[in-house]
**Student:** 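Got a structure for you, questions after.
Proteins come first, then strands; the chains are lettered A, B, ... in the order of their sequence lines, and each starts at number 1.
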Number of protein chains: 2
Amino acid sequence: MSSSVADPAASRGPDPHGAASARVADHLRTAILDGAIAPGERVRQEEVAQATGSSRIPVREALHLLEAEGLIENEPNKGARVPLLSPHEVDLIYRMRERLEPLALAESLPHLTAADLERLTRLQEDIEADSDVRRFLELDRAFHLLTYSGCHVDPLASMVTRLWNSTQHYRRAFVSMSGPGRMWVVNAEHRLLLDAIERRDVEDGERFLSGHIRRTRIELARHPEVFDRAPTGTHGSPG
Amino acid sequence: MSSSVADPAASRGPDPHGAASARVADHLRTAILDGAIAPGERVRQEEVAQATGSSRIPVREALHLLEAEGLIENEPNKGARVPLLSPHEVDLIYRMRERLEPLALAESLPHLTAADLERLTRLQEDIEADSDVRRFLELDRAFHLLTYSGCHVDPLASMVTRLWNSTQHYRRAFVSMSGPGRMWVVNAEHRLLLDAIERRDVEDGERFLSGHIRRTRIELARHPEVFDRAPTGTHGSPG
DNA sequence: TCGCTGATGTATGGATCCAATATCAATGCA
DNA sequence: TGCATTGATATTGGATCCATACATCAGCGA
């Protein structure tokens with residue numbers, strides 16, 4: 001079952017006007033976040049156009065969209081590539097997260113519904129039950145972003161998403177090589193955060209969250225090998 | 001003196017490949033930041049194309065670029081418009097600035113050159129010498145952004161610029177109606193900040209800066225009339 | 001008089017074609 | 001043998017044309 005979206009618009013829907021670029025963007029976003037396209041790698045318009053069964057116009061739009069999301073870097077007349085970040089840049093992105101995400105949480109918390117809280121608890125239980133790296137990344141991301149889902153102010157919400165996107169690759173490399181020990185720490189910190197959220201305690205939530213991010217940043221700084229031409233990791237078979 | 005750039009590519013250069021979209025983006029950015037296009041106003045592709053003497057393709061690219069900069073809002077099949085922000089959204093943007101800009105300053109400060117410091121001092125002197133609203137906005141923006149010019153990490157630098165862009169219109173409305181009294185406060189705070197920068201004191205710089213932004217936010221919150229269908233202000237004739 | 005429905009105009013989204021630029025390999029020269 | 005130059009090729013940027021969706025308003029009926 002190759003889940004590839006590679007078949008051109010053979011028997012697909014009628015392609016409702018104004019959806020092609022979004023479809024292409026989804027395709028590329030998934031590929032980049034999954035690590036199928038590694039940082040530093042070029043992304044050729046024609047290739048993507050063929051892979052998605054569209055012309056190059058929606059591809060260009062999608063590339064610009066993804067540039068805004070921090071997943072693509074565009075250089076005039078030279079094309080697009082996935083940004084390659086230095087340790088210092090990743091560190092600074094984590095510092096930005098330390099300051100911004102507590103704000104997003106404070107903005108979001110009052111708007112989280114009981115259903116949201118249930119889903120959060122369920123997610124955390126799933127994280128603790130399953131120790132597969134790929135799944136951990138997915139669930140951890142879902143957990144945190146759900147935490148911010150009550151924040152409806154665009155610049156803040158989109159900025160937080162962008163910061164997560166930019167460092168997704170390095171998170172994967174980091175988690176892959178740090179083993180299950182680190183997941184326990186993360187889970188403990190998630191539990192504290194979750195508890196604060198359930199108590200609707202903004203102050204505690206902000207404190208636990210910034211501490212969570214700060215400790216992750218410090219831990220990451222102790223693993224420079226994450227940046228040593230990190231493996232693409234798309235078929236993350238346990239070594 | 002219509003400063004319009006409306007003459008099509010009559011005697012303009014040969015348009016070196018890959019510059020049209022940038023030219024269009026500059027045109028629109030200036031128009032929006034100057035208030036020539038007010039928040040909530042639509043931006044039609046064909047109009048811009050004619051005004052800049054290009055086809056609609058570079059216009060689309062420019063609109064997406066500006067969307068990433070927070071100056072344009074795109075809705076599928078409905079077109080582009082300048083975002084209209086609520087008081088709460090502006091307030092939250094200022095809170096983001098409170099947290100992000102000190103970080104940008106800390107990152108930038110060690111890389112500022114002696115020439116930068118001279119230019120900063122010169123700018124501040126110009127601000128104090130000239131009390132015209134339009135000029136104040138321009139110089140104040142230049143002052144702060146120059147302060148961050150040593151920060152070469154893209155997500156941070158671009159985010160700061162985006163936050164400034166998003167609220168430019170409301171800053172104009174605010175400064176227009178708050179009179180020269182407020183400028184004195186701003187100047188005093190700028191002097192403190194400038195002094196900390198010259199001493200290369202990161203901690204003081206961060207503290208003065210976040211205080212500067214916080215006080216501006218609080219002051220702005222006391223002037224809800226800024227949001228009462230604020231005048232376009234492009235020909236800000238004293239009323 | 002008010003609300004609904006359909007037709008038409010207008011604006012955006014997408015495809016194809018052409019121009020300009022970058023990339024790269026082959027070749028000639030020092 | 002190493003390097004610069006030069007051509008061919010691949011790739012991006014822009015223009016024009018077509019398809020589709022939204023907006024407006026006239027016409028009709030209750």
**Student:** Can you measure B:H17 atom NE2 to D:dA15 atom P for me and round it to whole angstrom units?
**Tutor:** 9 Å

**Student:** Considering every strand and a 4.0 Å limit on heavy-atom distances, what is the contact class for B:V43: base, sugar-phosphate, or nothing?
**Tutor:** sugar-phosphate

**Student:** Do B:T147 and B:I197 come close enough that some side-chain heavy atom pair is under 4.5 Å?
**Tutor:** yes

**Student:** Whole angstroms only, please: what is the CD1-P distance between B:I57 and C:dA20?
**Tutor:** 17 Å

**Student:** Is the number of heavy atoms from other residues, nucleotides or ligands within 6.0 Å of CZ (B:R119) greater than 12?
**Tutor:** no

**Student:** So, B:R23 and B:D26, do they make that salt bridge, N to O below 4.0 Å?
**Tutor:** no

**Student:** Taking CD from A:Q50 and C1' from C:dA15, how many angstroms apart are they, rounded to a whole number?
**Tutor:** 15 Å

**Student:** Looking only at side-chain atoms of B:N77, point me to the closest of C:dG13, D:dG14, C:dA15.
**Tutor:** C:dG13

**Student:** In whole angstrom, what separates B:H64's NE2 from D:dG13's P?
**Tutor:** 14 Å

**Student:** Do A:R56 and C:dG14 have a side chain to base donor-acceptor pair shorter than 3.5 Å?
**Tutor:** no

**Student:** Once you round it to whole Å, what is the distance between C1' of D:dT11 and CG of A:N74?
**Tutor:** 13 Å

**Student:** Measure distances between side-chain N and O atoms of B:R60 and base N and O atoms of D:dG14, and say whether any donor-acceptor pair falls under 3.5 Å.
**Tutor:** no

**Student:** Using 0.5 Å steps for rounding, measure from the CD1 atom of A:I127 to the CZ atom of A:R135.
**Tutor:** 9.5 Å

**Student:** With B:Y170 as reference, evaluate B:W164, B:Y94, B:F227 under the ring-ring contact (aromatic ring centres under 6.0 Å, His included) test and give the passing residue.
**Tutor:** B:F227

**Student:** Produce a footprint string for nucleotides 6-11 of chain C: one letter per nucleotide, 5' end first; B if the base is under 4.0 Å from any protein heavy atom, S if only the sugar-phosphate is, - if neither.
**Tutor:** -----S

**Student:** Going by an N to O cut-off under 4.0 Å, is there a salt bridge joining B:R141 and B:D34?
**Tutor:** no

**Student:** What integer distance in Å separates A:E61:CD from D:dT12:C1'?
**Tutor:** 15 Å

